[in-house]
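Here is the structure we will look at.
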Amino acid sequence: MRYEDPIEDTGFRGSYQYRVYDSQSLFDQLDTLKEDRNITDGTYDSWWDRLDLDNAGPVFQHKFRGRWGRDISAGALVYRGLSDGDDLDAVKYHVTVQDKSVGPVELTNVVFGNYALAFGQGLVMQNTDFFKTRNSGYNWDKRYIGVLGDVSQTQEFQLTGVAAEASLGNVRSVLFVSDDWKDAVLNPDGTVNQYVVMTPRIDNEDLAAAGLRDMKDVLHETTYGGNLKYVFGPGSWVGLSGYESRYNKYFKPAYDPDGTIDSSWRIA
């Protein structure tokens, strides 16, 4: 058995995917189909009925991934969920530079654009819209620790900006800054009640026509932070993590006298 140095690859390779579907079984409909009691007249309705989603257009997605040589990769995603509008739910992209050295510092990943981020075993930071019961580290459920270019359908908790992962000997670090708009439930006074992951995402004009307040891209978020750790060996390290998020609106969770979450996001 003989090993040889790999042949230097400076060419381009990539993939393109187009997906379209309108099967309701593929949607996350739990909140969309749930009937809520209207506090004004006592009637019951749902987002699905209010927004006439039975007649909405299908979901479609364009996804591109490419790589130049061994150290530059890029990706792009254009996605629109169930909707009868023309606005896109997500337009994401990234350009990633990998495995570069700046003196004694090794740059593992430097990502410009949208990126996925996880550190502190995913407890301190892991940005995704989708819940998974476990990331065991086996099969396809392994949590990626560090920085990775993001062309997933995550929109609400996406990070947009610059992120870098680097090491100096046994010291490893992640630094990032993000600037993005988020969906949110607003109180009558314009403050934020809570984040909302809308599936499907509905244009504000359609929400208003259905008697609901604006929710799409109403909250501006700037987030920055990082992680620094010393690695003793495989699977053994000690580190420090932290981040800060700043917003253009105040948060004020509202409750009704009965102790349930206020329904003030309704216009009527």
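Note that the coordinates shown come from a computational prediction; the quantities given were computed from them, not determined experimentally.
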**Request:** Please assess H94 against V151 for the test side chain to side chain contact (heavy atoms under 4.5 Å, CB included), listing each intermediate value before the final yes or no.
**Result:** CA-CA 8 Å; H94 76 88; V151 288; 3.9 Å; yes
**Request:** Could you give me the CA-CA distance, side-chain angles and deciding distance for V185 and V192, then say whether side chain to side chain contact (heavy atoms under 4.5 Å, CB included) is met?
**Result:** CA-CA 6 Å; V185 176; V192 178; over 6 Å; no
**Request:** Go through the steps to decide whether D217 and R201 satisfy the test side chain to side chain contact (heavy atoms under 4.5 Å, CB included), and finish with yes or no.
**Result:** CA-CA 10 Å; D217 291 336; R201 294 186 76 215; 3.2 Å; yes
**Request:** Check the pair R67 / Q98 against side chain to side chain contact (heavy atoms under 4.5 Å, CB included), numbers first and verdict last.
**Result:** CA-CA 11 Å; R67 176 175 291 276; Q98 300 171 294; 2.8 Å; yes
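Cluster membership for Y247 and W181, using ILVMFWY side-chain heavy atoms within less than 4.5 angstrom, is not shared. Using a 4.5 Å cut-off between side-chain heavy atoms of Ile, Leu, Val, Met, Phe, Trp and Tyr, with links allowed through other members, V124 and V177 fall into different hydrophobic clusters. Residues L240 and L117 are members of separate hydrophobic clusters, defined by side-chain heavy-atom contacts under 4.5 angstrom among Ile, Leu, Val, Met, Phe, Trp and Tyr. Linking Ile, Leu, Val, Met, Phe, Trp and Tyr residues whenever their side-chain heavy atoms come within less than 4.5 Å leaves V97 and Y93 in two separate clusters. If you chain together hydrophobic residues whose side chains sit under 4.5 Å apart, L175 and M125 never meet in one group.
No side-chain heavy atom of T191 sits under 4.5 Å from any side-chain heavy atom of K249. Using a 4.5 Å heavy-atom threshold, the side chains of T154 and K92 count as touching. Counting only heavy atoms from C-beta outward, the side chains of Q158 and T160 approach each other to under 4.5 Å. Taking 4.5 Å as the limit, some side-chain heavy atom of Q155 sits within range of a side-chain heavy atom of D183. T222 places a side-chain heavy atom less than 4.5 Å from the side chain of H220. Looking at R80 and V91, their side chains never come closer than 4.5 Å, going by heavy atoms from C-beta outward. Taking 4.5 Å as the limit, some side-chain heavy atom of L219 sits within range of a side-chain heavy atom of N248.
The structure places CG of D214 at 3.5 Å from CG of N204, a figure rounded to the nearest 0.5 Å. From K252, atom NZ reaches atom CG of L186 across 11.5 Å, with rounding to the nearest 0.5 Å. Rounded to the nearest 0.5 Å, atoms NZ (K100) and CG (N109) are 12.5 Å apart. Taking CH2 of W68 as the start and CZ of R13 as the end, the distance is 11.0 Å to the nearest 0.5 Å. Atom CG of L77 sits about 9.0 Å away from atom CZ of R65, to the nearest 0.5 Å.
In this structure, F157 has its ring center under 6.0 Å from that of Y195. Separation of the F232 and Y230 ring centroids falls under the 6.0 Å cut-off.
Between F176 and Y115, the ring-plane angle classifies as perpendicular under the 30° and 60° cut-offs. Between F12 and F64, the ring planes are parallel. Angles under 30° get that label, and only those over 60° would be called perpendicular.
Contact detail for S178 and L159: the closest heavy-atom pair is OG-CA, 3.4 Å. Between S241 and N227, the closest heavy-atom pair is OG-ND2, 2.6 Å. Taking both residues in full, the closest heavy atoms of E165 and G146 are given as OE1-CA, 3.7 Å, listed atom of the first, atom of the second, then distance. Considering every non-hydrogen atom in both N193 and N187, the closest pair reads ND2-OD1, 3.1 Å. Here the closest heavy-atom approach between residue P104 and residue L168 is recorded as O-CD1, 3.4 Å.
In this structure a side-chain-to-backbone donor-acceptor pair under 3.5 Å is missing from D150 to N114. Panel note: side chain D129, backbone E156; a donor-acceptor pair is recorded below 3.5 Å.
Think of V231 as one node in a network of Ile, Leu, Val, Met, Phe, Trp and Tyr side chains linked at under 4.5 Å; its network also takes in W237.
When only modelled atom types and interatomic distance are considered, E106 and S101 share a side-chain donor-acceptor pair under 3.5 Å. A donor-acceptor contact under 3.5 angstrom links the side chains of Y16 and H62, judged on distance only. Looking at Q61 and Y18, their side chains never bring a donor and an acceptor atom within 3.5 Å of each other.
We find that D180 and K182 are joined by a salt bridge, their nearest charged nitrogen and carboxylate oxygen being less than 4.0 Å apart. Using a cut-off of 4.0 Å between Lys/Arg side-chain N and Asp/Glu carboxylate O, D99 and R70 are scored as not salt-bridged. Of the charged side-chain nitrogens involved, none lies within less than 4.0 Å of a carboxylate oxygen, so that R246 and D179 do not count as a salt-bridged pair.
Other residues, nucleotides and ligands contribute over 12 non-hydrogen atoms within 6.0 Å of the CZ atom of F60.
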